[in-house]
Amino acid sequence: MNLKKIIKTFAISMLLAVTSTAANAQDLLARQAPVDRKMAAVDTIMLRNITMREELESPAADLYANWDNKYAHRATELPETFNIDLRHFTMPTTSRVITSNFGSRWGRQHKGLDIKVYIGDTIRAAFSGKVRIVRYERGGYGKYIVIRHNNGLETIYGHLSKQLVEENQEVRSGEVIGLGGNTGRSTGSHLHFETRLCGVALNPALMFDFRAQDVTGDYYAFNKQTYDNESTNATRLRGKQDSSTFASSGSADDFATNKRTTSGLSDQISYHKVKKGETLSSIARKRGVTVDKICKLNHISKSMRLRPGQILRYS
C-alpha cells in the first residue's frame, strides 16, 4: 500500500508539474505577443522610412533606369498600362487661359500645353518630387525646369524668366520653382507645360483642367491602346477651343477667351490682369460685376490677397 501511495503521489506531482509548465509557457507566449506586435510595427516604420529615402534619392526608380541631368527627356519603353496618382497636386499657375493645344501645330508636334502667363508670374511645382534639370535652351524651352515625381510623371516648365530651384533639389507640391517669362523659342510670354511618362509626352489635358484649376480625377489610368482617343477627347473638352483666345477687349490688360455657344447664344469669357494696388472691390467696380461673382468664377475667397499679374475671370 505504501508503494501504491508513493506512486500515486509521484504521478499527481508530475501531472501538476506538466500542467504548471504548460500554463507558464502559455503565459510566456501571451506576454511575448505584444512584443511581437511592437516589433512588427517597428519593422513597418523602418521599411516605410527606407522607401521614402529611396524615393527622395531617385523618384519613380521602378520606371526609370537612371537619374541624370543631361537630357530634358529621353523616351524609353512605356508600360502597357500605368496608374498615375494625381492626388496632392497643385496647379502650376493660376491662369486659366490656354493658348496652344497639345498635338500637331504648324507642321510639327507640340508636346505640351501653352498657358498664358505674364513675365514675373509665379510658377509652382505640380507635385512633390526632385528637380532633375535646370537649364537654358536658346532655340527651344528657354529657361526651363524638369521635375521627376514619385507618381511616375516628369513635368517640364518652359520659357521661364527666372529659375528659383537647383538640380537635385527636393521640392514639395505647390512650392514656387520659377517665374513666368518669354525666353527661348517663344512669341510671347507663356508657360509651356509638359507631362511625360518614361520620357514620352502625354497630353496634360488628360490630367489637368486649367480652366477649372483642378485635376481630372484622383488617378489617371494610362492605357496604350486607348490613349490616342482619350487625348483627342481631352483636347476637345479641356484644350483651347478657338482662334479668338486672345481677342482684345479694350486694353492691353484685358483679353477675352473661349467663346462658347450654348443653346444658340454666344457666351464670351473675359479676364482681368491684376495691377499693383488693385483689390477685388476695385476690379469689381471697374468691370461692372460683384465681388461675389469674381470669387465664384475663380474659386477664391474674398480675403484672398491679390498679386500683380494675376489673371482673374470676371464674366
Task: Side-chain touch Ile177/Leu164, heavy atoms, less than 4.5 angstrom - done: no
TODO: Could you tell me whether the side chain of Ile283 reaches within less than 4.5 Å of the side chain of Tyr314, counting heavy atoms only?
DONE: no
Open item on the list: Quick one: does any side-chain atom of Ser189 pair with a main-chain N or O of Asn182 as donor and acceptor, under 3.5 Å?
Closed with: no
- [ ] Answer with yes or no whether the hydrophobic clustering places Tyr136 together with Leu160; edges join I, L, V, M, F, W, Y residues whose side-chain heavy atoms lie under 4.5 Å apart.
- [x] no
Open item on the list: Is there a side-chain hydrogen bond (donor to acceptor under 3.5 Å, both in side chains) between Thr279 and Ser281? Walk through the geometry before answering.
Closed with: CA-CA 5 Å; Thr279 63; Ser281 296; 4.6 Å; no
Open item on the list: Any side-chain to backbone donor/acceptor pair from Arg96 onto Leu312? Under 3.5 Å, distance only.
Closed with: no
TODO: Side-chain contact test, heavy atoms from C-beta onward, threshold under 4.5 Å: evaluate it for His73 versus Lys111 and give yes or no.
DONE: no
Task: Tyr227 vs Leu206 side-chain heavy atoms within contact, under 4.5 Å - done: yes
Open item on the list: Given 3.5 Å as the limit, does a donor-acceptor pair link the side chain of Thr99 with the main chain of Lys116, or not?
Closed with: no
Task: Close side-chain approach of Leu297 and Lys293, heavy atoms under 4.5 Å - done: yes
TODO: Please confirm whether the backbone N or O of Asp114 pairs with a side-chain atom of Ser100, one donor and one acceptor, at under 3.5 Å?
DONE: no
Open item on the list: Taking Leu179's backbone N and O only, do any of them form a donor-acceptor pair with Gln163's side chain (distance below 3.5 Å, no angle check)?
Closed with: no
Open item on the list: Quick check for you: to the nearest 0.5 Å, what is the distance between Asn150 atom CG and Asp85 atom CG?
Closed with: 10.0 Å
Task: Criterion side-chain hydrogen bond (donor to acceptor under 3.5 Å, both in side chains) on Thr155 and His149, from CA distance to verdict - done: CA-CA 8 Å; Thr155 51; His149 308 286; 2.7 Å; yes
Open item on the list: For the backbone of Cys198 and the side chain of Tyr64, can you confirm whether one donor and one acceptor N or O come within less than 3.5 Å of each other?
Closed with: yes
TODO: Please test Thr226 against Glu230 for side-chain hydrogen bond (donor to acceptor under 3.5 Å, both in side chains), starting from the C-alpha separation and ending with a verdict.
DONE: CA-CA 6 Å; Thr226 60; Glu230 290 174 356; 3.1 Å; yes
TODO: State, with a plain yes or no, whether a side-chain heavy atom of Ser104 is found less than 4.5 Å away from one of Gln109.
DONE: yes
- [ ] Report yes if some heavy atom in the side chain of Trp67 is under 4.5 Å from a heavy atom in the side chain of Lys130; otherwise report no.
- [x] yes
Task: Under 3.5 Å: donor-acceptor pair, side chain of Arg124, backbone of Thr94 - done: no
Open item on the list: When you compare the side chains of Glu194 and Tyr144, does any donor N or O come within less than 3.5 Å of an acceptor on the partner?
Closed with: no
Task: Linked, directly or transitively: Ile147 and Leu86 (ILVMFWY side chains, under 4.5 Å) - done: yes
- [ ] Spell out, as yes or no, whether a donor-acceptor pair under 3.5 Å connects the side chain of His159 to the backbone of Thr183.
- [x] yes
Task: Lys224 side chain to Leu78 backbone, donor-acceptor under 3.5 Å - done: yes
TODO: For residues Met207 and Leu202, determine if any side-chain heavy atom of one lies less than 4.5 Å from a side-chain heavy atom of the other.
DONE: yes
- [ ] Applying side chain to side chain donor-acceptor pair (under 3.5 Å), name anything that partners Asn203, two or more places apart in sequence or on another chain.
- [x] Ser231, Thr235
Task: N/O donor-acceptor pair under 3.5 Å between Ser128 side chain and Ser173 backbone - done: yes
Task: Residue Glu166 excluded, over 12 heavy atoms near CD under 6.0 Å - done: no
